[in-house]
Amino acid sequence: MNLLVIGTGYVGSTTAMVFAELGWKVTGLDVDAHKINQLGQGILHFYEPGLEELIRKHIQSGQMKFTTDKDKAIQENDIIFICVGTPSLPDGSADLRFVKEVAEEIGQKMNGYKLVVTKSTVPVGTQELIASWIKAAQEQQYPFDAASNPEFLREGKAVEDALNPDRIIIGTPSERAANQLKALYHSFICPVVVTSPRTAEFIKYASNAFLATKISYINELARLCDKLNVNVKEVASGIGLDPRIGPSFLQAGIGYGGSCFPKDVSALILTAKHNNIELSVLEKVMQVNQTQHSYLTDKARERLGSFSDKKIAILGLAFKPDTDDIREAPSLRIIESLLDERAQLTLYDPVAVLPNDVKYASVAVCMEVEEALQDADAVFLCTEWPTIRSIDWSKMKQVMARGNVFDGRNLLNAQHMKALGYYYQSIGSND
Ligand code: UDX
């Protein structure tokens, strides 16, 4: 089977790689000629461990190719995956502009039966819209099926997740479409759930919202742990042993960021509002997350008196390790609030870079941890990169001017840090 993947961002590039690995011929299509030119040479435009190597392998074997020629790509492939972005509109709802454009193009250019599958995270009911957009754009009424097949990849672990899925969700009323999709994935050993498109779309939002809920739950408990002299890391291990709860997504910290959780939680809340339903749990999840970074900056202000003219190091910018993605990164919120209060900032991240914005112009970007910590009054740990996890704090005691450590990812052992002479503040694990 020949497959077309439209949109070569994070989801599209990974999806194309997976199908090439599964032995199918895959074409990646994008409107961005520069991106396509780079991908054609095996160069990925974002940082994702292991992905570039696999894409290169499949370009060389002829299994994978990239193009900007929409008409030809749509006509040559019978199964088309839509992987374009669905950014948030100012009201928090998903912007379906790119999905609609692609659906209309498919409708206009199709030359026979097509199976059109959506991987992008889209609000419940979008599959029906896509089908109507394709139909309205068709010049000849060729048959087609539309299906939803949501993606559950984590950035930084995309290759691992994509090649070892824990489930495959197929949302379509068409038996033909379901069978084609099952055949595409036949070498994966995992449960396959065939359901309605609406349910498939809902499963994606419900998964992300549930994981975000676990994080905000433990983050809010961590604040109480600080008051009660209880260690939230031990609480998380203790409750995580209950298989009904599970150990994952219970790491307290400065909150979740990235391109999915913040956007998907607010989009689900909005969908509920449009249907006169209040998702009060998720509203609180969002509220806890929005205030989690300031929990740590408030503690730091209490300790330092004020941030004005204090030299503060920020270690870690990416919203999590193994990615250069800074969308909704809690580190950015911390940086902005410290800059508002006239702190002098140094920043270290092994991969991610600050946006080219005048508001960050005063931040001194450093290539090494030690350079960022030089003469610092305090440090905020914002991303758990290996180079940040493995800092030799006994050595850094001589490097920093004052030993104030604000650990936004609960990376360090409080007793060890205190024994080294640091003032140490984490989020719920200070004992
Ligand atoms: C998420 C989902 O995991 C994935 O299934 C979906 O397809 C896309 O959204 P991603 O955004 O790449 O993936 O990252 P994830 O590893 O889930 O982390 C999201 C955020 O939560 C990060 O900022 C991370 O630091 C934070 N997090 C995660 C915590 O604060 N505590 C945890 O215990 C886990």
Side-chain angles (χ1 to χ4, degrees), residues 9-12 14-15 18 46-49 51 83 85-86 94 118-122 149-162 164-169 200-201 203-222 232-233 235-237 239-240 245-268 285-286 288-290 292-293 295-296 316-334 349 352 381-385 388-389 407-411 426-429:
Y10 170 73
V11 171
T14 311
T15 301
V18 170
F46 56 92
Y47 178 79
E48 182 61 42
L51 184 56
C83 299
T86 52
T118 315
K119 281 255 174 224
S120 306
T121 303
V122 289
N149 176 215
E151 198 48 74
F152 299 97
L153 304 172
R154 287 167 300 171
E155 291 186 29
K157 299 260 187 292
V159 171
E160 188 185 316
D161 286 355
N164 303 286
D166 40 32
R167 79 284 212 195
I168 289 163
I169 307 289
E201 289 161 344
I203 286 172
K204 170 71 193 202
Y205 279 100
S207 294
N208 277 354
F210 183 76
L211 295 171
T213 303
K214 280 187 97 174
I215 299 171
S216 280
Y217 174 69
I218 201 73
N219 279 342
E220 200 168 39
L221 286 188
V232 75
K233 288 199 270 194
V235 172
S237 319
I239 63 174
I245 297 175
S248 57
F249 283 75
L250 288 177
Q251 282 168 45
I254 42 177
Y256 60 76
S259 64
C260 293
F261 288 176
K263 170 167 87 76
D264 294 351
V265 170
S266 69
L268 191 54
V285 165
M286 196 162 81
V288 168
N289 198 57
Q290 283 165 351
Q292 195 64 11
H293 69 284
Y295 177 76
L296 197 60
L317 177 63
F319 83 97
K320 66 174 199 176
D322 291 327
T323 176
D324 58 356
D325 199 339
I326 58 164
R327 283 175 286 179
E328 303 285 335
S331 60
L332 277 178
R333 293 192 207 130
I334 291 179
D349 189 286
L381 309 183
C382 295
T383 318
E384 58 274 46
W385 285 102
I388 295 171
R389 276 185 185 282
D407 184 353
R409 295 292 176 189
N410 288 356
L411 295 178
S426 64
I427 297 179
S429 65

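Quick note: numbers below take in every heavy atom, side chains included, and nothing from hydrogens, waters or symmetry partners. Given the structure is predicted, the values throughout are model-derived calculations rather than measurements. Order of listing sets the numbers, starting from 1, for every ligand and every atom in it.
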Candidate with minimal heavy-atom separation from atom 17 (O) of ligand 1, of F249, F152, Y256: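 The option holding the nearest heavy atom is F249.
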Shortest heavy-atom approach to atom 7 (O) of ligand 1 - which of L153, D166, N208: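 Checking each option, the heavy atom nearest atom 7 (O) of ligand 1 is found in L153.
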Any donor-acceptor N/O pair, K233 side chain to S429 backbone, under 3.5 Å: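 Checked: no pair found.
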Side-chain donor/acceptor of S426 to backbone N/O of D407, under 3.5 Å: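 Looks like no, no N/O pair under 3.5 Å.
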Carboxylate-amine/guanidinium contact R333 E328, below 4.0 Å: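 Looking at E328 together with R333, the answer is yes, because their closest N to O distance falls below 4.0 Å.
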Starting from [atom], find the nearest protein heavy-atom neighbour and note its residue, name and distance.
| atom | value |
| --- | --- |
| atom 33 (O) of ligand 1 | Q251 N, 2.8 Å |
| atom 12 (O) of ligand 1 | E155 N, 2.6 Å |
| atom 27 (N) of ligand 1 | I215 CD1, 3.4 Å |
| atom 18 (O) of ligand 1 | K320 CD, 4.0 Å |
| atom 1 (C) of ligand 1 | F261 CE2, 3.4 Å |
| atom 3 (O) of ligand 1 | R154 CG, 3.3 Å |

Just to check, does [X] reach to within less than 4.0 Å of ligand 1 when the distance is taken from its heavy atoms?
| X | result |
| --- | --- |
| K214 | no |
| G257 | yes |
| R409 | yes |
| C260 | yes |

Search all heavy atoms of [X] against all heavy atoms of [Y] and return the closest pair with its distance.
| X | Y | value |
| --- | --- | --- |
| Y205 | A94 | OH-CB, 4.4 Å |
| I169 | R167 | CD1-CG, 3.7 Å |
| L153 | A158 | CD2-O, 3.6 Å |

Under 3.5 Å side-chain donor-acceptor pair for E155 and S259: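 Yes.
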With sequence neighbours excluded, residues passing ring pair (Phe, Tyr, Trp, His ring centres under 6.0 Å) with F319: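 Ring pair (Phe, Tyr, Trp, His ring centres under 6.0 Å) check on F319 returns nothing, list empty.
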K204: numbered ligand 1 atoms lying under 4.0 Å from its heavy atoms: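 The list of qualifying atoms is 6 (C), 7 (O).
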Where ligand 1 meets L250 - atom numbers and elements under 4.0 angstrom, heavy-atom basis: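 Close to L250: 33 (O).
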Any pair counted as side-chain hydrogen bond (donor to acceptor under 3.5 Å, both in side chains), so long as it reaches residues 209-219, sequence neighbours left out: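 Matches after skipping sequence neighbours: none remain.
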Any N or O of G258 closer than 3.5 Å to N or O of ligand 1: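 Between G258 and ligand 1, no N or O pair is found under 3.5 Å apart.
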Step-by-step side-chain contact (heavy atoms from CB on, under 4.5 Å) determination, R409 to L381: CA-CA 7 Å; R409 295 292 176 189; L381 309 183; 5.6 Å; no
Side chain, backbone, both or neither: the part of E151 lying under 4.0 Å from ligand 1 by heavy atom: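 Looking at E151 and ligand 1, just backbone atoms fall under 4.0 Å.
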